[in-house]
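Down below is the structure, laid out as C-alpha cells.
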There are 2 protein chains.
Amino acid sequence: MAQENFRELLKKHTLRVTDCRLDVLTLFSSNEKALSFRNLEDNLTKYDRVTLYRTLNSFEESGLVHKIPTDNGAAAYGLCQSTCSTDSHNHDHIHFTCDQCGSVECIESHQVPAVQIPGYLIKEMNFLVSGTCKTCLQSV
Amino acid sequence: MAQENFRELLKKHTLRVTDCRLDVLTLFSSNEKALSFRNLEDNLTKYDRVTLYRTLNSFEESGLVHKIPTDNGAAAYGLCQSTCSTDSHNHDHIHFTCDQCGSVECIESHQVPAVQIPGYLIKEMNFLVSGTCKTCLQSV
DNA sequence: CAATTTATGCAATTACGTTGCAAACGTGAC
DNA sequence: GTCACGTTTGCAACGTAATTGCATAAATTG
C-alpha cells in the first residue's frame, strides 16, 4: 500500500495524518506478520516510546489494528482487514505464534469455528495456535 | 482433593513437598475457575510474592498447571488434568474469560476443534472465548 | 541425624505501561 | 498564506509487574 493510501485510511477513521502514524502504517504493511510493541520500538527509534504506545492505542480504538494476546504475555498487533470499523471488528481468523522466531501471524485463510456454550453469552473469540511457522520450517 | 493426594501429586512430578506448594494446590482445587497471579497473592498473603511466582513457574514447567493468556495481558493459571505431563500437555478445552467479573474458566466440556495449516507445524492450540459467564448472567 | 540439594524471603533491579504538561504540529476557515 | 483551534508529540516522572542475587531455612536421601 502506498503512502497516499495511508492518508486516506487515517482520514477515513478521523485520525490526523502525522509522520509517526504514516511510518507505523508503512511498517505494518511492509511486514506480513503481526508486530509486537518491541518490534515497533526497535524499528522506529526516531519516535518516543510513549508516542508509539499512544499510536497503537488510537489505532486499536479506531479499528485499524487488533490486539492479539500471546502465551508469553507480550501482545502483538495485526493490521485489520478493510471490513473492520470502530464499532464492529471482523477478524475471525486464526492467529499463529512461532515458537522458533516468535513471530505472530494472522492466518486469514482459516476461519475460527463458531462455538456455543450453554449458559454463557459469547462475545468474542480468539483462536491461538503455536508451533513452527512456514519460514522456520523451510530454513532447516 | 485431599492434602495427602497433593503430596503424591508433587512427588509424581519430582517436586519437593512444601507448605507453599500444598497451599497453592489447595487453593486451586477449592476454586473451579482458573486463578490469576493476583488471586494467589490475595489469598496466600503468608508467602512472599516472589515465592508465588516461582511456585507457579515450577508448576507450569512440571505440567501441573497451564498458563492461559487473556486479552488484558494478565495471564491466568488453570490446574491441568491428570493426562498432562511435563512433556505433553493435553488441555484442548475452551478457555472462557468473563468481561464482567474477569474470571477465567476451563470449559472442559468443549474440545478445541483440530486445525491444519498447510506449511505450518502445529504444536499447541488455545481457544479463547470471552463474554458473560454463567454466574454473571444469572445474577442480573 | 548429618549431608546435600532445593525452596524461601528480602532487597534491589529491570521491564512495562501510564500520566501530566508544555511545545509542536495538523486541520479547516478566512 | 496565515490564523485559531484542537490534537499529537516528547519529556520527565510515576506506578505497577516481574525477575535476579544472595543468605537463610527447609526438604530429601541414606
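Model, not experiment: these values are computed from the prediction. Sequence lines set the chain letters: A, B, ... in the order given, protein chains first and strands last, and positions in each chain run from 1.
Comparing B:Val17 and B:Asn57, the nucleotide of DNA chain D nearest to each residue sits closer to the 5' end for B:Asn57. Between A:Val50 and A:Glu41, it is A:Glu41 whose nearest contact on DNA chain C lies nearer the 5' terminus.
Ring planes of B:His66 and B:His93: perpendicular class, angle over 60° (limits at 30 and 60°).
B:Lys46 and B:Asp19 are not joined by a salt bridge, as no carboxylate oxygen comes within less than 4.0 angstrom of a charged side-chain nitrogen.
Counted by atom type alone, A:Asn39 and A:Ser36 present one or more donor-acceptor pairs between their side chains at under 3.5 Å.
B:Arg54 comes within contact range of at least one nucleobase, with a heavy-atom separation under 4.0 Å. If you check every strand for non-hydrogen atoms under 4.0 Å, B:Arg49 touches a base.
Between the CD atom in A:Glu105 and the OH atom in B:Tyr120 there is a gap of 3.5 Å [rounded to 0.5 Å].
With rounding to whole Å, A:Leu10 atom CG is found 16 Å from D:dT7 atom P. Residue B:Asp48 contributes atom CG, which lies 14 Å from atom C1' of D:dT24 at whole-angstrom precision.
Look at B:Thr18 and you'll find a side-chain N or O under 4.0 angstrom from OP1 or OP2 of C:dT8.
Across D:dT9, C:dT8, C:dT27, the shortest atom-to-atom separation from the side chain of B:Arg21 is found for C:dT8.
Applying the 3.5 Å distance criterion, the base of C:dT5 shares a donor-acceptor pair with the side chain of B:Arg16.
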